[in-house]
Amino acid sequence: MNGHTLHSIGELARRTGTTVKTIRFYSDCGLIPPAGRSPAGYRLYDNDAVARLGLVRTLRDLGLDLAAIRKVMDRELALPEVAAVHADALDVQIRILRLRRAVLTAVAKRGATPEETHLMHELAKLPEAERRELVGDFLDAAFGGVGTSSMLTGVMRSMTPELPDNPDTEQVQAWVELAELSQDPDFRALVRRLVQEQTAGFIQGGPPALHNDLAAIVRDQIAPAVAAGVEPASLQADPIVTVLMNRCAHLLGRRDDAKSREQLLVRLERMNDPRRERFSSLLAVINGWPGPESLRPVLDWAVDALRARTQG
């Protein structure tokens with residue numbers, strides 16, 4: 001077969017696996033012009049049409065519109081330039097599809113109502129500026145007017161979600177859940193109360209941050225007891241509770257007595273709220289951080305131990 005061989009539209013369709021209707025459409029658009037006509041007036045195509053048709057099909061499969069393809073075929077546009085534009089457009093489409101998939105997966109997992117589905121969809125598609133505004137509103141509700149800016153800058157930064165430009169499904173789902181949680185008035189009140197308690201020592205000119213971190217104190221003092229299997233209500237736990245109370249004395253403003261134990265119990269119950277730990281876990285997923293250490297075992301132990309010594 002040489003370069004002067006001409007093919008009928010039916011032969012071209014068989015050679016390329018394209019329908020006659022599609023070839024006729026591309027031909028009418030000027031993408032696959034016929035090389036001539038048969039005596040009966042039927043279109044005839046040369047081997048160049050085979051190559052052009054293969055390129056048109058490839059570009060169509062890649063999502064290019066007919067107008068762009070025509071300019072590429074006519075050398076009005078360079079294919080790399082067109083490819084770059086369409087690649088950028090695909091990035092946007094992929095992000096949208098990823099968001100939709102994440103929302104639909106979350107809806108399926110949670111058995112969401114139509115109203116909840118609408119809210120999740122709106123939260124997922126928020127542009128960056130509006131996401132920052134939503135996060136800023138939450139942080140202001142939790143930290144506004146508490147302590148000083150220099151005191152809380154690091155804490156606020158550690159609680160700020162930064163959804164990447166191309167988040168995966170898990171990150172989108174985590175963002176939707178975190179955004180919902182951050183809008184919960186009860187959770188906002190909880191976080192604000194925890195912040196107020198955390199900064200109380202600073203405001204009163206107390207010890208440095210490390211010594212004011214109640215969570216760290218409880219973890220350090222109680223983890224060995226949990227690991228050793230000490231029962232919170234047992235006599236064996238008495239000296240552990242005494243040491244814990246002594247370590248927390250500067251946070252409670254009183255000595256180890258019934259009132260101070262009740263006060264510490266309330267604070268630990270508040271700290272042990274599952275929403276606090278859930279927020280930290282979601283934040284880690286969104287920001288690509290390692291998963292946070294769970295304080296649930298040590299907080300459960302401390303709460304049970306204090307309840308056993310303040311109630312009943």
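The shown structure was predicted, so the numbers you read here are calculated from the model rather than taken from an experiment. The analysis underlying the following values was restricted to heavy atoms, covering all of them including side chains, and did not include hydrogens, waters or symmetry mates.
- Legend: residues meeting side-chain contact (heavy atoms from CB on, under 4.5 Å) with Arg276, ordered by chain and number and at least two apart, are Leu194, Met271, Leu295, Leu299.
- Applying the side-chain hydrogen bond (donor to acceptor under 3.5 Å, both in side chains) rule to Asp273 yields the partners Arg275; only residues at least two apart in sequence or on another chain are considered.
- Qualifying side-chain hydrogen bond (donor to acceptor under 3.5 Å, both in side chains) partners for Asp137, counting only residues two or more places apart in sequence or in other chains: Arg188.
- Without hydrogens or angle criteria, Gln171 side chain to Asp168 main chain gives a donor-acceptor distance under 3.5 Å.
- Applying the side-chain hydrogen bond (donor to acceptor under 3.5 Å, both in side chains) test to Ser8 and every residue at least two apart in sequence or in another chain returns nothing.
- The minimum heavy-atom distance between Ala35 and Asp46, with the atom names listed, is CB-OD2, 3.7 Å.
- Among residues two or more places apart in sequence or in another chain, the salt bridge (Lys or Arg N to Asp or Glu O under 4.0 Å) test is passed with Asp238 by Arg309.
- Between the CD1 atom of Ile32 and the CD1 atom of Ile23 there is a distance of 8.0 Å, given to the nearest 0.5 Å.
- The closest side-chain heavy-atom distance from Pro34 to Leu44 is not below 4.5 Å.
- No side-chain heavy atom of Ser182 sits under 4.5 Å from any side-chain heavy atom of Val135.
- Take Asp28 and apply the salt bridge (Lys or Arg N to Asp or Glu O under 4.0 Å) test, not counting sequence neighbours, and it matches Arg43.
- The shortest distance between side-chain heavy atoms of Leu268 and Leu306 falls below 4.5 Å.
- Taking 4.5 Å as the limit, some side-chain heavy atom of Arg307 sits within range of a side-chain heavy atom of Asp304.
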